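Read the structure below first, then the notes.
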Amino acid sequence: MNTEQQMEARLWDFIDGNIQPEERSFVEDLLNTNQQWREKYAELLQVHTLMQESLDLHEPSMSFTRNVMEEISRLQITPASKKYLNEKIIWALGGFFLISVVAFIVYAFRQANWSTTSESFMPFKLESMNYSKLFNSAYTNIFLMVNTVLGLMLLDMYLGARKRRFR
Amino acid sequence: MTSGPTDTEIIEKTLAGDTRIFSELVKRYQNFVFTITLRYTPNREDAEEIAQDAFVKAYKSLASFRGESKFSTWLFTITTTSCLSFLRKKKLDIHSLDNEKVMAVVENKDSDFNANQMEAKSRLSMVNEAIQLLSRDDANILTLFYKGEQSLEEISVVMGIEANAVKVRLHRARARLKEKMQTHFKQELKDMLN
């Protein structure tokens, strides 16, 4: 950016009022003392005033408003998206899943054998884990079933909301 | 632009079921929206169709308008998006369109001089002809700033760019406008100053 461009940028900020107080007084001093700055300021102010006073807007046809109103008379305002889902339900579901994850981790740690031997620093041997035993417990099965049902409910709510939105 | 009920009052009444009052918002902003759409297509019918579409979209989504910005900012954002969708659908070459438009204006301007119509132009026509010589983005930024009563931050929302970038573009747009006026309307400017 050359000096003239910098001067213009500062003056435009000054004209638009996008300037800090200390910068403003600096520009005001320059305008009082420097002829070049004064001339440039007058030139830019002229463009600014022309834009404010003379910029014209195009007009659409006379029937524009009527056409828009006819079009919207056939439509309904779409409900705001935040109303689709009840926040309490989202929080309850989130809380349930968080508690489930914590419970699962606690359960897994309680099942682990923490006595170690000198050869291995792992508290259990992964290759000797009996997964069928783990997933055979009645509590685990109930837990998985409840999660599946909740997942299906969530999917149903999501699809229901989408259907309402596109109706 | 804001005589009568405020935008917020109109929106509240519309949401409460008084659909007809929405026409106040249409009347209030139709010229502005149409001016923006006309910059994306030279065809008035197409521009009107996009403008109409923007108002219909705004109406349909009115419940989602949270009032965090001005209604005009929200509407102009919808308008800009509608214009870009239209261009994508029509697969128009944006740049060639701009050049075509600029050349048409320049040709008209030259023919005016060739016909020796040297009478001083009014300020209004001079500025509006000069603005047509600018690129679409430059013209839009000037219109949003000077006519749309939009701040730099609001223009940044409408155009999807940073506020600082808007500031720089606004400076450049004004510089280019000044340059166009000095190049194409030298005599008129001189007359105006005398």
Side-chain angles (χ1 to χ4, degrees), chain A residues 1-2 4-20 23 39-84 164-167, chain B residues 14-15 17 19-20 22-24 26-27 30-39 44-45 47-49 51-56 58-66 122-128 130-131 142-143 145-148 151-152 167-168 170-172 174-175 177-178 181 189 192-193:
Chain A
M1 203 186 260
N2 63 35
E4 193 177 337
Q5 283 173 328
Q6 280 177 342
M7 180 168 66
E8 281 201 11
R10 270 184 162 176
L11 284 170
W12 277 128
D13 285 341
F14 180 77
I15 291 168
D16 294 338
N18 298 322
I19 197 166
Q20 298 296 320
E23 179 86 356
E39 280 171 10
K40 183 57 81 178
Y41 175 69
E43 188 187 316
L44 299 187
L45 197 62
Q46 192 196 3
V47 175
H48 183 71
T49 313
L50 267 175
M51 291 299 296
Q52 278 179 326
E53 290 173 356
S54 315
L55 191 60
D56 203 16
L57 295 177
H58 297 277
E59 281 181 32
S61 65
M62 301 279 279
S63 60
F64 184 81
T65 309
R66 199 185 62 228
N67 292 343
V68 172
M69 294 311 289
E70 270 175 16
E71 182 73 26
I72 66 173
S73 68
R74 290 191 287 269
L75 301 166
Q76 289 221 322
I77 297 173
T78 315
S81 53
K82 67 176 179 185
K83 288 177 188 164
Y84 287 142
R164 276 196 299 276
R165 195 186 308 173
F166 291 113
R167 196 170 283 165
Chain B
T14 308
L15 289 173
T19 314
R20 280 178 303 173
F22 189 76
S23 64
E24 290 296 320
V26 179
K27 283 177 197 155
Q30 63 180 13
N31 289 1
F32 203 95
V33 168
F34 182 62
T35 302
I36 294 179
T37 58
L38 207 53
R39 297 230 168 87
R44 282 184 69 90
E45 282 171 13
E48 216 167 291
E49 193 187 313
Q52 191 176 318
D53 184 47
F55 278 109
V56 170
Y59 174 79
K60 276 169 78 179
S61 314
L62 209 56
S64 305
F65 174 65
R66 293 192 294 268
S122 68
R123 287 178 173 211
L124 193 127
S125 64
M126 183 180 70
V127 174
N128 289 298
I131 210 165
L142 290 172
T143 312
F145 188 75
Y146 283 104
K147 281 288 167 185
S151 68
L152 296 180
K167 195 168 125 176
V168 173
L170 180 64
H171 289 346
R172 283 184 191 157
R174 287 188 285 208
L177 182 82
K178 186 161 66 81
M181 286 199 291
L189 268 178
M192 220 172 71
L193 290 171

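Chain letters run A, B, ... following the sequence lines, proteins first, then strands; residues in each count from 1. Keep in mind the model is a prediction, meaning the values are calculated, not measured.
Contact annotation for A:Gln52: both backbone and side-chain heavy atoms come within less than 4.5 Å of a heavy atom of chain B. Heavy-atom distances place no part of B:Phe65 under 4.5 Å from chain A, backbone and side chain included. With a 4.5 angstrom heavy-atom cutoff, A:Ser61 touches chain B via backbone and side-chain atoms both. For B:Leu142, the parts sitting under 4.5 Å from any heavy atom of chain A are the backbone and the side chain alike. Both the backbone and the side chain of B:Thr143 come within less than 4.5 Å of a heavy atom in chain A. Only the side chain of B:Leu177 comes within contact range of chain A, with at least one heavy atom under 4.5 Å from a heavy atom of that chain.
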Salt bridge (charged side-chain N to carboxylate O under 4.0 Å, His left out) assessment of B:Lys147 paired with A:Asp56:
CA-CA 8 Å; B:Lys147 281 288 167 185; A:Asp56 203 16; over 6 Å; no

Taking it one step at a time, do B:Asp53 and A:Glu71 satisfy side chain to side chain contact (heavy atoms under 4.5 Å, CB included)?
CA-CA 9 Å; B:Asp53 184 47; A:Glu71 182 73 26; over 6 Å; no

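The side-chain hydrogen bond (donor to acceptor under 3.5 Å, both in side chains) check on B:Thr14 picks up nothing, with sequence neighbours excluded. Qualifying side-chain hydrogen bond (donor to acceptor under 3.5 Å, both in side chains) partners for A:Glu43, counting only residues two or more places apart in sequence or in other chains: B:Lys178.
Counting heavy-atom pairs closer than 4.5 Å to chain A, the top-ranked of the candidates B:Ala47, B:Ser23, B:Ser151, B:Ala130 is B:Ser23. Counting heavy-atom pairs closer than 4.5 Å to chain B, the top-ranked of the candidates A:His58, A:His48, A:Gln76, A:Arg66 is A:His58. Of all the listed residues (A:Leu44, A:Asp16, A:Asn67, A:Val47), the one sharing the greatest number of non-hydrogen pairs under 4.5 Å with chain B is A:Asp16.
The side-chain heavy atoms of A:Glu53 and B:Val127, taken from C-beta on, include no pair separated by under 4.5 Å. Contact of the A:Pro60 side chain with the B:Asn31 side chain is registered, since non-hydrogen atoms from C-beta on lie closer than 4.5 Å. Side-chain contact between A:Glu59 and B:Thr35 is absent, with no heavy-atom pair separated by less than 4.5 Å.
No more than 12 heavy atoms of other residues, nucleotides or ligands sit less than 6.0 Å from atom CZ of B:Arg20.
Here OH of B:Tyr146 is found 8.5 Å from OG1 of A:Thr49. Values are rounded to the nearest 0.5 Å. A distance of 11.0 Å separates CG of A:Leu50 from CD1 of B:Ile131, quoted to the nearest 0.5 Å. Taking CE from A:Met69 and CZ from B:Phe22, the interatomic distance works out to 7.0 Å, rounded to the nearest 0.5 Å. Rounding to the nearest 0.5 Å gives a distance of 6.0 Å between NZ of B:Lys167 and CG of A:Asn18.
Nearest heavy-atom pair, B:His171 versus A:Ala9, reported as atom, atom and distance to 0.1 Å: NE2-O, 3.6 Å.
Between A:Phe64 and B:Phe55, the two ring planes are perpendicular [angle over 60°; tilted spans 30° to 60°].
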